**Q** 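The structure under discussion is supplied below as structure tokens; questions concerning it will follow.
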Amino acid sequence: MSTTSQFTERDVSEFFDQTTQTYLSFWDSEGVLHTGYFTGPDDTDYPAAADRTSDLLATEAGIDASATVLDVGCGCGNFLLRLAERTGCRGEGVDLSIERVRFALGKLTERGDGLPVAFRHGSATALPYDDGGFSHVVSQDALFLVPDKARSHAEMYRVLAPGGTLAVTDFLQPVAEIGEAARRHVYDRVRWSSGYSLDGYREALTAAGFEVTVARSLDTHIRQTYRVLGETARQRAAATDDEAARQWILGFAASCDEIQAAIDRGEFGWGMFVARKPA
């Protein structure tokens, strides 16, 4: 057994800057790139499952037209854009990867429909916003990458208005020590330093001052996500002429198999958390 490696925010930002276009080429050209909430083991519709995750989180958070939302680790911007279109909320997105922020800004420009949404480059550990400026802070599968998680929790607490809601899905590290295969294919692959178990995540949010109302395991859905992505990657690799790109995609497909094995061994998980900043 081994512990996870230690990465910096620079390591994380450089990895996602360098791989954004490759991920877009075979995973999802629209830039969704997060875990799906599937209806069952026979459901292989990744885009629909990804939308279902977004809609579930929005419902759990109680986001409506009156909400002002901050999406921390907004990636390519799809979650915040979907929230604004479906609920009428206003929002900001912030991400450590400048390439993903550029993609999000491009999508916003393409829409040209005056959505009250903005995106900017920044860190979850130093959010460029005033105290208490948001009714909701949300995040999908991003906060696990932050090396200083306690600092990011404090920052999200700071920018939430009293009585505001935090709602996130995030990857989990269910055990303190993990095997070499999980470290290489799950953690090191995306520059993930370390994570929380489901209970550990709840305790960390509580320590930051939040009142946690939902802490739910979603492990079956993350396993299905990587099964579907692995199959999709192999199909895309077979149709890719560029040898370097083909090998990268096949490597990702192989990692998808290892990720499923890590989930089965209890070394990797996924959870949803909803919490409130006291009024």
Side-chain angles (χ1 to χ4, degrees), residues 1-9 11-12 34-37 53 56-57 60-61 70-73 75 96 123-127 136-160 164-226 258-278:
M1 301 294 285
S2 66
T3 58
T4 52
S5 304
Q6 293 301 309
F7 296 103
T8 66
E9 285 195 356
D11 294 329
V12 174
H34 66 76
T35 309
Y37 193 94
T53 302
L56 175 64
L57 195 59
E60 293 278 4
L70 174 62
D71 185 359
V72 180
L96 197 59
S123 168
T125 60
L127 293 171
H136 294 75
V137 172
V138 299
S139 183
Q140 283 188 307
D141 309 345
L143 298 176
F144 73 102
L145 290 167
V146 180
D148 189 348
K149 293 176 175 57
R151 182 61 186 165
S152 67
H153 296 160
E155 279 291 276
M156 293 186 294
Y157 188 92
R158 178 184 65 80
V159 301
L160 262 178
T165 299
L166 171 72
V168 306
T169 58
D170 208 8
F171 295 149
L172 304 174
Q173 181 184 340
V175 293
E177 293 190 349
I178 58 172
E180 178 64 22
R183 185 189 62 77
R184 184 168 68 255
H185 291 282
V186 179
Y187 296 82
D188 288 2
R189 184 180 61 83
V190 293
R191 313 303 188 261
W192 179 7
S193 293
S194 63
Y196 299 113
S197 66
L198 188 76
D199 288 341
Y201 211 117
R202 182 195 297 112
E203 292 166 2
L205 292 178
T206 300
F210 289 103
E211 298 173 349
V212 180
T213 58
V214 175
R216 184 184 309 155
S217 171
L218 303 175
D219 286 357
T220 58
H221 299 282
I222 193 174
R223 195 186 193 289
Q224 183 74 348
T225 293
Y226 281 100
E258 293 287 351
I259 290 168
Q260 293 172 72
I263 295 166
D264 293 341
R265 293 191 300 266
E267 296 173 308
F268 180 39
W270 188 42
M272 175 180 291
F273 303 87
V274 181
R276 177 177 175 272
K277 179 176 179 175

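Everything numeric here is computed off the predicted structure, so don't read it as measured data.
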**Q** Under a 4.5 Å cut-off applied to non-hydrogen side-chain atoms, are Glu211 and Pro278 in contact?
**A** yes
**Q** Locate the shortest heavy-atom distance separating Gly179 from Glu267; write the atom from each residue and the value.
**A** N-OE2, 2.6 Å
**Q** Tell me, do Leu70 and Leu127 make a side-chain contact under 4.5 Å, heavy atoms counted?
**A** yes
**Q** Using the test side-chain hydrogen bond (donor to acceptor under 3.5 Å, both in side chains), find all partners of Thr206 that sit at least two apart in sequence or belong to another chain.
**A**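 Counting only residues at least two positions away or on another chain, Thr206 forms no side-chain hydrogen bond (donor to acceptor under 3.5 Å, both in side chains).
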**Q** Sequence neighbours excluded, which residues qualify as side-chain hydrogen bond (donor to acceptor under 3.5 Å, both in side chains) partners of His185?
**A** Ser255
**Q** Do Val159 and Val137 have side chains that approach each other closer than 4.5 Å (heavy atoms only, starting at C-beta)?
**A** yes
**Q** For salt bridge (Lys or Arg N to Asp or Glu O under 4.0 Å), just list the numbers for Glu60 and Arg216, CA-CA rounded to whole Å, side-chain angles, deciding distance to a tenth of an Å, and then say yes or no.
**A** CA-CA 12 Å; Glu60 293 278 4; Arg216 184 184 309 155; 2.9 Å; yes
**Q** Within the structure provided, determine whether Gln224 and His221 are in side-chain contact (heavy-atom separation under 4.5 Å).
**A**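 Result no, sub-4.5 Å side-chain heavy-atom pair not found.
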**Q** What are the two closest heavy atoms between Val186 and Ala262, and how far apart are they?
**A** CG2-CB, 3.9 Å
**Q** Between Thr165 (side chain) and His136 (backbone), is there a donor-acceptor pair under 3.5 Å?
**A**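 Not confirmed, Thr165 side chain does not pair with His136 backbone.
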**Q** Going from CG on Asp219 to OG on Ser217, what distance comes out if it is rounded to the nearest 0.5 angstrom?
**A** 3.5 Å
**Q** Are any side-chain N or O atoms of Asp148 and backbone N or O atoms of Arg151, one a donor and one an acceptor, separated by less than 3.5 Å?
**A**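 Yes; judged by distance alone, with no hydrogens or angles, the pair exists.
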**Q** Any side-chain heavy-atom pair from Gln173 and Ser194 closer than 4.5 angstrom?
**A**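 They are in side-chain contact.
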**Q** So, do His153 and Leu205 sit near enough that their side-chain heavy atoms are less than 4.5 Å apart?
**A** yes
**Q** Rounded to the nearest 0.5 Å, how far does CD of Glu203 lie from OH of Tyr196?
**A** 10.0 Å
**Q** Return the set of residues passing side chain to side chain contact (heavy atoms under 4.5 Å, CB included) with Ser123 (not counting sequence neighbours), or none when no residue passes.
**A**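 With neighbours one apart ignored, the set is Glu9, Leu96, Thr125.
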**Q** If you define the side chain from C-beta out and look only at heavy atoms, does anything of Phe7 sit under 4.5 Å from Trp192?
**A** no
**Q** Using the test side chain to side chain contact (heavy atoms under 4.5 Å, CB included), find all partners of Asp170 that sit at least two apart in sequence or belong to another chain.
**A** Leu143, Phe144, Tyr201
**Q** Output the distance between atom CZ (Phe273) and atom CZ (Phe210), rounded to the nearest 0.5 Å.
**A** 13.0 Å
**Q** Can you name the residues that form a side-chain hydrogen bond (donor to acceptor under 3.5 Å, both in side chains) with Ser139, not counting sequence neighbours?
**A** none
**Q** Going by heavy atoms in the side chains, are Val72 and Met156 under 4.5 Å from each other?
**A**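 Side chain of Val72 against side chain of Met156, heavy atoms only: contact under 4.5 Å found.
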**Q** Would Thr35 and Phe171 count as a side chain to side chain contact (heavy atoms under 4.5 Å, CB included) here? Give the steps.
**A** CA-CA 9 Å; Thr35 309; Phe171 295 149; 3.3 Å; yes
**Q** On a heavy-atom basis, which atom in Pro174 and which in Gly266 lie closest, and how many Å separate them?
**A**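 Taking Pro174 first and Gly266 second, the nearest heavy atoms are CB-O, 3.3 Å.
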**Q** Which residues pass the side chain to side chain contact (heavy atoms under 4.5 Å, CB included) test with Thr53, not counting sequence neighbours?
**A**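 Only His34, Tyr37, Gln140, Thr169, Trp270 meet the side chain to side chain contact (heavy atoms under 4.5 Å, CB included) criterion with Thr53.
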